[in-house]
There are 2 protein chains.
Amino acid sequence: MAAGGAERAEQFIDHETAASPTDHRDLRLWLRLLTLTTLVESEIRGGLRVAFDTTLPRFDLMAALHKTKAPLTMGDLSRRLMVSNGNITGVTERLVEEGLVVRTRSKEDKRTQYVELTAAGRTEFERMAARHEQWIAAAFADLSDAEATKLMELLGKAKASVRRNLIAAREGQTQ
Amino acid sequence: MAAGGAERAEQFIDHETAASPTDHRDLRLWLRLLTLTTLVESEIRGGLRVAFDTTLPRFDLMAALHKTKAPLTMGDLSRRLMVSNGNITGVTERLVEEGLVVRTRSKEDKRTQYVELTAAGRTEFERMAARHEQWIAAAFADLSDAEATKLMELLGKAKASVRRNLIAAREGQTQ
DNA sequence: CCGGGATAGTTTAAGTTTAAAATAACGCTG
DNA sequence: CAGCGTTATTTTAAACTTAAACTATCCCGG
């Protein structure tokens, strides 16, 4: 590491690089997608830890609250972040301990809990979000506007395809 | 769930759908990428659990071994799967318990452990891989060849951009 | 108003994940 | 050949994650 990079050739072996050239089209596509996401995600994770001593799940939860500018229920958070409801319970608890969010019981429905950012939480999130956006901007800096637009479009098509052919197909199986 | 889907309109709120239209280009791109990956990954996770009573990390580890058709060290696996080395220890242990892989110490270097599929592991993996490929093919079924090719290309560019502008930039920071 | 199905959230058990510290073995240099 | 920096792996502690079971509450039909 300190020595000036003689072994660079081996450094970039990853899930995808390890794919053999005989793999099929969609499998290679999926591996590339997964590798890219994993790379970015782990950089962000590391950045949040080093720069703010926090974690990605906590950041994501705060981001959801910040975006809506209004309290969300535990169930709302679970659906938006696409994680289990039990998961939200734990992450929220830690954010409450840190004083970044508060939970309040609904008057109308005693089962429901509303979660919202505290003033400290909002300030802290905005600090983190600014840095987060810089990282993301750096990540995609080499893409032209046209390329980014095209990529957005193709990812959108892929997402629709997944919902139609994978998710809806499974859900409709034997019912 | 048993009742026939009256609340479908609310069902597809996700991390990305929740994004406001004023977000910046790269942030929206990143959210879409993340959402797509998460959707596919959680379908595969569920499929592996239901159909084969196994998990994605175990499948991935076996896939790495199957692809190389040769034993890999713990470190090789850690680098290829882009996870920490401690992680590989745990996943490998469970696969050994299940009789799907074996670990053997190297004669030349007593620190090194080689991991390889057992006959049972190879057979089981091939069963799972066939199904896995069907899921992936279904996921991207609505993309034409031209679209898939373009998407591959753009993801490749994005990956290069991430390595150059995010990862290498961080690594070179103050050294 | 009451019984029962649906909904909101928590708990539990098992597994995955990481970073950091610890262990063990290697291999070079003096 | 002794020590010492490096490398391969395991251990540890804390957090995240899920599915499934559970608790509490809601609300509808009779």
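Here is the naming used below: chain letters follow the sequence lines, and residue numbers restart at 1 for every chain. Quick caveat: nothing in here was measured; it's all calculated off a predicted structure.
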Just to verify, which of B/Leu34, B/Thr37, B/Leu36 counts as forming a side-chain contact (heavy atoms from CB on, under 4.5 Å) with A/Leu155?
B/Leu36
Atom [atom1] of [X] and atom [atom2] of [N]: how far apart are they, to the nearest Å?
X       : N      : atom1 : atom2 : result
A/Asp76 : C/dT7  : CG    : C1'   : 13 Å
B/Leu77 : D/dT10 : CG    : C1'   : 15 Å
B/Leu95 : C/dG15 : CG    : C1'   : 12 Å
B/Leu61 : D/dT9  : CG    : P     : 13 Å
B/Arg45 : C/dT16 : CZ    : P     : 10 Å
B/Phe59 : C/dT16 : CZ    : C1'   : 17 Å
A/Arg58 : D/dA15 : CZ    : P     : 6 Å
B/Glu93 : D/dT10 : CD    : C1'   : 9 Å

Hey, does [X] reach any base, or is it just sugar-phosphate, or nothing, if we go heavy atoms under 4.0 Å?
X        : result
B/Thr73  : sugar-phosphate
B/Arg105 : nothing
A/Thr112 : sugar-phosphate

Do the side chain of [X] and the main chain of [Y] share a donor and acceptor less than 3.5 angstrom apart?
X        : Y        : value
A/Asn165 : A/Ser161 : yes
A/Thr68  : A/Leu65  : yes
A/Glu147 : A/Ser144 : yes
A/Asp76  : A/Thr73  : yes
A/Arg127 : A/Thr123 : no

Any idea which heavy atoms bring B/Trp135 and A/Leu166 closest together, and the distance?
O-CD1, 3.4 Å
Quick check: closest heavy atoms across B/Ser78 and B/Ser84, and the distance to 0.1 Å?
OG-C, 3.7 Å
Five pairs at each end of the helix from C/dC1-D/dG30 to C/dG30-D/dC1: take the axis at both ends and give me the angle between them to 10°.
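The helix from C/dC1-D/dG30 to C/dG30-D/dC1 shows an end-to-end axis angle of 0°.
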Shared ILVMFWY cluster between A/Leu72 and A/Tyr114, side chains joined below 4.5 angstrom?
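No; tracing contacts between hydrophobic side chains, which count when under 4.5 Å, never links both residues.
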Closest to the 5' end of DNA chain D, once A/Gly86 and B/Met74 are matched to their nearest nucleotides, is B/Met74
Measuring to OP1 and OP2 of C/dT16, would you say a side-chain N or O of B/Asn87 lies under 4.0 angstrom away?
no
With the sugar-phosphate defined as primed atoms, P, OP1 and OP2, and the base as all remaining atoms, what B/S/- string results for nucleotides 21-29 of chain C, 5' to 3', for protein heavy atoms under 4.0 Å?
---BBS---
Mapping B/Gly90 and A/Thr89 to their closest nucleotides on DNA chain C, which lands nearer the 5' end?
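So the residue in question is A/Thr89.
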Expected output is a numbered-order residue list: members of residues 48-57 of chain B with a heavy atom under 4.0 Å from any atom of DNA chain C. What is it?
B/Thr55, B/Pro57
Residues two or more places apart in sequence or in another chain: which of them pass side-chain contact (heavy atoms from CB on, under 4.5 Å) with B/Thr54?
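Partners of B/Thr54 by the side-chain contact (heavy atoms from CB on, under 4.5 Å) criterion, ordered by chain and then number, come out as B/Leu48, B/Phe52, B/Arg58, B/Met128.
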Return all side-chain donor-acceptor pairs below 3.5 angstrom for residues 104-111 of chain A, not counting sequence neighbours, or 'none' if the list is empty.
residue: A/Arg105; atom: NH1; partner: A/Lys110; partner atom: O; Å: 3.0
residue: A/Ser106; atom: OG; partner: A/Glu108; partner atom: N; Å: 3.2
residue: A/Ser106; atom: OG; partner: A/Glu108; partner atom: OE1; Å: 3.2
residue: A/Ser106; atom: OG; partner: A/Asp109; partner atom: N; Å: 3.2
residue: A/Asp109; atom: OD1; partner: A/Arg111; partner atom: N; Å: 2.9
residue: A/Asp109; atom: OD1; partner: A/Arg111; partner atom: NE; Å: 3.0
residue: A/Asp109; atom: OD2; partner: A/Arg111; partner atom: NE; Å: 3.4
residue: A/Asp109; atom: OD2; partner: A/Arg111; partner atom: NH2; Å: 2.8

Counterpart residues, side chain to side chain donor-acceptor pair (under 3.5 Å), relative to A/Glu126 (two or more places apart):
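Once residues adjacent in sequence are excluded, the partners of A/Glu126 under the side chain to side chain donor-acceptor pair (under 3.5 Å) criterion are A/His66.
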